[in-house]
**Student:** 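Next up is a structure, given as structure tokens.
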Amino acid sequence: MTWPRRVGDLELAQDLEFHRRELRAERIGWAAMLLVVLLALLGLFGSGPLSRNQIQTADGGLQVRYNRFARYMAPTELRLTFGPEAVQDGQVHVWLSRQYVQHLQIQKIIPEPDSVQLGGQRLTYTFNVLQNGQPGEIVFELETKATGHLRGAAGLAGPSGKTREVAFATFVYP
């Protein structure tokens with residue numbers, strides 16, 4: 001309701017209920033903006049604590065560290081850590097699902113693999129490693145080529161076809 005009020009020669013209309021609603025809407029807007037900034041700082045839209053995740057096989061022989069959230073055409077990283085039991089005859093065989101790799105561009109693999117084989121729905125990378133009893137690490141530096149929900153899997157190919165694997169997912173923002 002508008003209440004006319006006289007201030008000197010001016011007559012002003014006031015709607016106190018409208019002003020209360022306007023202030024409430026402004027506070028909600030500020031809270032929403034603060035929440036978006038906080039979530040961005042925590043990593044919901046790229047890198048940060050919410051973005052990083054780690055998963056491992058049931059026996060702990062393979063750990064995969066990846067980003068839950070990534071940006072289209074931006075660098076991201078996939079780190080695979082394996083135990084000494086994964087090394088057979090000085091080599092370790094690590095595979096990534098073809099479905100995952102086809103939506104990425106591999107920029108660099110550290111260390112360089114000795115060979116890569118495509119078999120079925122997997123790309124298997126063979127690395128020569130030192131058997132020093134310490135866990136080994138392989139880093140895939142990647143760039144995303146697609147947006148949306150990207151599912152992947154990684155694993156160790158063991159002797160006699162025994163495999164240990166983990167599944168993971170990344171959401172790629174446009």
Side-chain angles (χ1 to χ4, degrees), residues 35-174:
L35 182 63
V36 167
V37 169
L38 182 63
L39 289 173
L41 289 173
L42 290 174
L44 185 65
F45 305 116
S47 62
L50 287 178
S51 181
R52 293 189 274 287
N53 196 22
Q54 179 174 314
I55 191 167
Q56 65 183 12
T57 58
D59 64 359
L62 175 68
Q63 291 181 345
V64 178
R65 285 181 280 170
Y66 66 98
N67 289 323
R68 288 184 201 147
F69 308 105
R71 289 260 184 220
Y72 175 68
M73 297 295 286
T76 188
E77 205 173 73
L78 182 70
R79 287 183 178 268
L80 306 176
T81 305
F82 55 90
E85 67 278 358
V87 180
Q88 301 295 322
D89 299 325
Q91 293 185 324
V92 66
H93 304 281
V94 174
W95 61 265
L96 297 176
S97 64
R98 188 176 185 179
Q99 171 189 352
Y100 182 70
V101 174
Q102 74 185 8
H103 296 293
L104 301 165
Q105 182 174 355
I106 298 174
Q107 300 294 326
K108 185 190 259 186
I109 303 174
I110 305 168
E112 290 282 331
D114 293 317
S115 66
V116 180
Q117 295 177 334
L118 176 61
Q121 293 301 312
R122 296 178 176 170
L123 280 159
T124 303
Y125 299 87
T126 301
F127 299 89
N128 283 328
V129 294
L130 299 174
Q131 290 182 306
N132 58 5
Q134 299 294 320
E137 184 173 75
I138 300 167
V139 179
F140 289 85
E141 293 180 2
L142 311 166
E143 187 175 284
T144 58
K145 296 191 308 185
T147 60
H149 200 73
L150 178 58
R151 296 182 191 278
L156 293 170
S160 68
K162 178 184 171 193
T163 60
R164 293 176 281 192
E165 63 184 77
V166 292
F168 52 91
T170 299
F171 185 80
V172 182
Y173 288 105

**Student:** Under the rule for side chain to side chain donor-acceptor pair (under 3.5 Å), what residues qualify as partners of Q99, not counting sequence neighbours?
**Tutor:** none
**Student:** Supply the atom-to-atom distance Q121 CD to Q102 CD, rounded to the nearest 0.5 angstrom.
**Tutor:**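 So the gap between those two atoms works out to 8.0 Å.
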**Student:** Nearest 0.5 angstrom please: T170 OG1 to H103 NE2, how far?
**Tutor:** 12.0 Å
**Student:** According to ring pair (Phe, Tyr, Trp, His ring centres under 6.0 Å), who are the partners of Y72, at least two apart in sequence or on a separate chain?
**Tutor:** none
**Student:** Using distance only, find each side-chain donor-acceptor pair of residues 138-156 under 3.5 Å and give its atom names and separation, not counting sequence neighbours.
**Tutor:**
{"residue": "T144", "atom": "OG1", "partner": "R71", "partner atom": "O", "Å": "2.7"}
{"residue": "T144", "atom": "OG1", "partner": "M73", "partner atom": "N", "Å": "3.0"}

**Student:** Just one of V101, T124, L123 clears the side-chain contact (heavy atoms from CB on, under 4.5 Å) bar with L118, so which one?
**Tutor:**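 In the set V101, T124, L123, the residue that makes a side-chain contact (heavy atoms from CB on, under 4.5 Å) with L118 is L123.
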**Student:** Only counting residues at least two apart or in another chain, list the ones meeting side chain to side chain contact (heavy atoms under 4.5 Å, CB included) with T126.
**Tutor:** Q91, H93, S115
**Student:** For the atom pair CZ (R98) and CZ (R122), what is the distance rounded to the nearest 0.5 Å?
**Tutor:** 13.0 Å
**Student:** Go through the structure and list residues passing side chain to side chain donor-acceptor pair (under 3.5 Å) with T57, not counting sequence neighbours.
**Tutor:** D59
**Student:** What residues, two or more places apart in sequence or in another chain, satisfy side chain to side chain contact (heavy atoms under 4.5 Å, CB included) together with L35?
**Tutor:**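 By the side chain to side chain contact (heavy atoms under 4.5 Å, CB included) rule, L35 matches L39.
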**Student:** How would you list, by chain and number, every residue that makes a ring pair (Phe, Tyr, Trp, His ring centres under 6.0 Å) with F168, sequence neighbours excluded?
**Tutor:** Y66, Y100
**Student:** Can you tell me how far OG1 of T76 sits from CD of Q107, rounded to the nearest 0.5 angstrom?
**Tutor:**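 Spacing of CD (Q107) from OG1 (T76) equals 11.5 Å.
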**Student:** Kindly state each residue pair satisfying salt bridge (charged side-chain N to carboxylate O under 4.0 Å, His left out) with at least one member in residues 79-88, sequence neighbours excluded.
**Tutor:** E77-R79, R79-E137
**Student:** Among residues two or more places apart or on two chains, list those pairs meeting salt bridge (charged side-chain N to carboxylate O under 4.0 Å, His left out) that have a residue in residues 100-119.
**Tutor:**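 Not a single pair qualifies under salt bridge (charged side-chain N to carboxylate O under 4.0 Å, His left out).
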**Student:** What is the minimum heavy-atom distance between R164 and L62, and which atoms define it?
**Tutor:** O-CD2, 4.3 Å
**Student:** Which is it for I106 and Y125 under the side-chain contact (heavy atoms from CB on, under 4.5 Å) test, yes or no, and what are the steps along the way?
**Tutor:** CA-CA 13 Å; I106 298 174; Y125 299 87; 3.2 Å; yes
**Student:** If you compare all heavy atoms of N67 against all heavy atoms of R52, which two are closest, and at what distance to 0.1 Å?
**Tutor:**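 Heavy atoms only, the tightest pair is OD1-CG, 3.7 Å.
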